[in-house]
Amino acid sequence: MTERFVMSIDQGTTSTRCILFDHAGRLVSVARREHRQHFPKPGWVEHDPLEIWRNLERVAPEALARAGATTSQIAAVGIANQRETTVLWDRLTGVPIGRAIVWQDMRTGALVDELNRAPGAAMVTERSGLPIATYFSAPRVRWLLDHTPGLRARAERGEVLFGTMESWLIWNLSGGVDGGVHVTDVTNAGRTLLMDLRTLSWDDGLLDFFGVPRAMLPEIRSSTETYGTARRVIPGVLVGAALGDQQAALFGQTCFSPGDTKCTYGTGAFLLMNTGTTPVRSDNGLLTTVGYRIGDEPAVYALEGSIAITGALVQWFRDGLGLISTAPEIETLARSVEDNGGCYIVPAFSGLFAPHWRSEARGIIVGLTSYITKGHLARAVLEATGWQTREVVDAMNADSGLGLKELKADGGMTSDNLAMQMVADMLNVPVERPMVVETVSLGAAYAAGLAVGYWAGLEGLRRNWHRAARWVPAMEPARRAAEYGNWKRAVERTFDWIRAGEDPAARP
């Protein structure tokens, strides 16, 4: 019998990858291509949607060839994508309206300030679960409509389409100008500021507030259902799933029960906790978001806490300070000392994200004495990831009332055993890393496979999850409490650096 696979497309911030998985959830083949990052002005970040589409046209056949497979062996394809990145394109020609504005882009800062002062601003968070911020899609759509002559009139006539990256790829895969399907899923729609969290539909009040025409919006669908059949690149393959990348990682880590929590450690870190079928409003600086929705079943919600700097601090230690030559060396250096020597590093390089959301914060090193060596600094670098995780987990526990029992971790930093031991110590719960570390891609594959019956249900996916490593807490409670107190005091110092309205260049 010919073996069948599920294909996953991971359209990320720096590259597009195509991976084939088998029924046991094992990686069979992978192909990857990077795309160019465009920085036309300070704070602006853009991608070329056509370049990303062309890369997909290359990586999908490459992944098939490396597996020795044909499209007839692909049960379905699922897509995971960089969230919030905004694409507008012409419905009739398929040509993008300029480049995509990336989730990191800050050009909407002044507009966001204006919107936050506008009547009805409180309604946005109440309905969408999100604050009005440059991070999300709606301000970018509004900015493009305001700054592109004639665009608003065309959008109101339905001549211009909006989508995040999964919408753009599905539209092209399913035919483009020749009948392409214009859809998004609840996890991506929930990051636009335009969807009501409870009804899972575009909200007229939110559309009016941001000035976004309904005619340009994709249809909101479940994360796991058949959207259509690919007519290009992988013709005949069913398109069975779409999820934002962090929600895909939640799915790939099989976090299917309330309280299940994953953290992806990369340049920054993203923690998501499954909170069940009722959205939990955060009083502690977290985002309320949709975790996933399977077919016609009720949506599953999550609390999300994003940390701006984790792995990037190791990169700074390597490239900015030159104290190591490769990232893995930091573990050896940190193990050369028994503790941090009283030194703490708070990496607020661009402010602090969850749970503080303080853009004025600046990074700080406290506790420096002549006793401190580069080994102590290396240890403080790794500890910063653990303490930042602890702050987000404390907020999650307070908001959800569920209480974290264990943390499933993935991403590049999980290869650092000392860093993961520190996380376990600081959270006082076990930390586990799965055998398949490509959890974003695996989650998209799992969701697509469920849609077409390749996998029968969630229990089967749970059985596919296998542990590669486990770290259990070993820190004494008194020491944990004392060091966490020191960390919290260091964080407070970061808020004192730049006061509102003060020119930092004028400081003595």
Side-chain angles (χ1 to χ4, degrees), residues 80 83 125-131 185-192 195-201 203 220-225 241-264 270-306 354-355 389 392-410 427 429-432 434 439-440 442-444 446-447 450-451 455-465:
R83 303 176 301 176
T125 300
E126 172 61 28
R127 297 188 188 181
S128 72
L130 307 172
D185 91 299
V186 289
T187 68
N188 283 293
R191 309 294 291 197
T192 62
M195 187 190 82
D196 187 301
L197 265 185
R198 292 187 178 275
T199 65
L200 304 179
S201 59
D203 181 87
I220 300 176
R221 305 275 286 272
S222 293
S223 310
T224 298
E225 68 170 278
L243 300 103
D245 53 8
Q246 297 308 318
Q247 285 92 338
L250 187 78
F251 211 83
Q253 286 276 32
T254 67
C255 293
F256 300 138
S257 299
D260 288 353
T261 306
K262 73 87 191 176
C263 185
T264 301
F270 293 87
L271 281 89
L272 271 77
M273 172 185 277
N274 181 325
T275 58
T277 55
T278 301
V280 174
R281 305 290 178 175
S282 177
D283 296 319
N284 294 280
L286 304 178
L287 304 179
T288 304
T289 195
V290 182
Y292 57 87
R293 188 184 187 195
I294 299 173
D296 294 330
E297 296 178 13
V300 171
Y301 295 88
L303 283 171
E304 177 175 331
S306 51
T389 304
V392 172
V393 167
D394 282 356
M396 284 185 170
N397 287 339
D399 282 331
S400 69
L402 294 170
L404 182 69
K405 302 297 190 297
E406 68 177 16
L407 180 68
K408 291 184 174 181
D410 54 78
L427 299 184
V429 299
V431 174
E432 296 189 334
T439 55
V440 170
L442 183 59
Y446 277 167
L450 282 177
W455 286 291
L458 299 184
E459 286 306 316
L461 300 183
R462 282 194 177 99
R463 289 193 293 271
N464 277 352
W465 194 95

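Counting from 1, the numbers follow the sequence of the chain as shown. Just so you know, these numbers come straight off a predicted model, no measurement behind them.
Side-chain contact between Ile294 and Ser223 is absent, with no heavy-atom pair separated by less than 4.5 Å.
With a 6.0 Å cutoff to the six-membered ring centre and a 45° limit on the axis angle, Arg293 does not count as a cation-pi contact of Tyr301.
Contact record, Val431 with Ala409: CG1-CB, 3.9 Å, taken as the closest heavy-atom pair. Across Gly443 and Leu243, no two heavy atoms sit closer than the pair O-CD1, 4.2 Å.
The stretch residues 277-286 participates, sequence neighbours left out, in no salt bridge (charged side-chain N to carboxylate O under 4.0 Å, His left out) pair at all.
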Test log, rule side chain to side chain donor-acceptor pair (under 3.5 Å), inputs Asp185 and Thr187: CA-CA 6 Å; Asp185 91 299; Thr187 68; 2.8 Å; yes
Verdict with supporting geometry, Thr254 and Lys408, side chain to side chain donor-acceptor pair (under 3.5 Å): CA-CA 9 Å; Thr254 67; Lys408 291 184 174 181; 3.2 Å; yes
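Salt-bridge check for Glu406 with Lys262: failed, with every basic side-chain N at 4.0 Å or more from each acidic carboxylate O. At a threshold of 4.0 Å, the pair Arg127-Asp196 does not count as salt-bridged, since none of the basic side-chain nitrogens sits closer than that to a carboxylate oxygen.
Test Thr261, Leu407, Leu404 against Val393 for side chain to side chain contact (heavy atoms under 4.5 Å, CB included) and you get one pass: Leu404.
Aromatic pair Tyr292/Phe251: ring centres closer than 6.0 Å.
Partners of Glu225 according to the side chain to side chain donor-acceptor pair (under 3.5 Å) rule, which considers only residues two or more places apart in sequence or in another chain, are Arg221.
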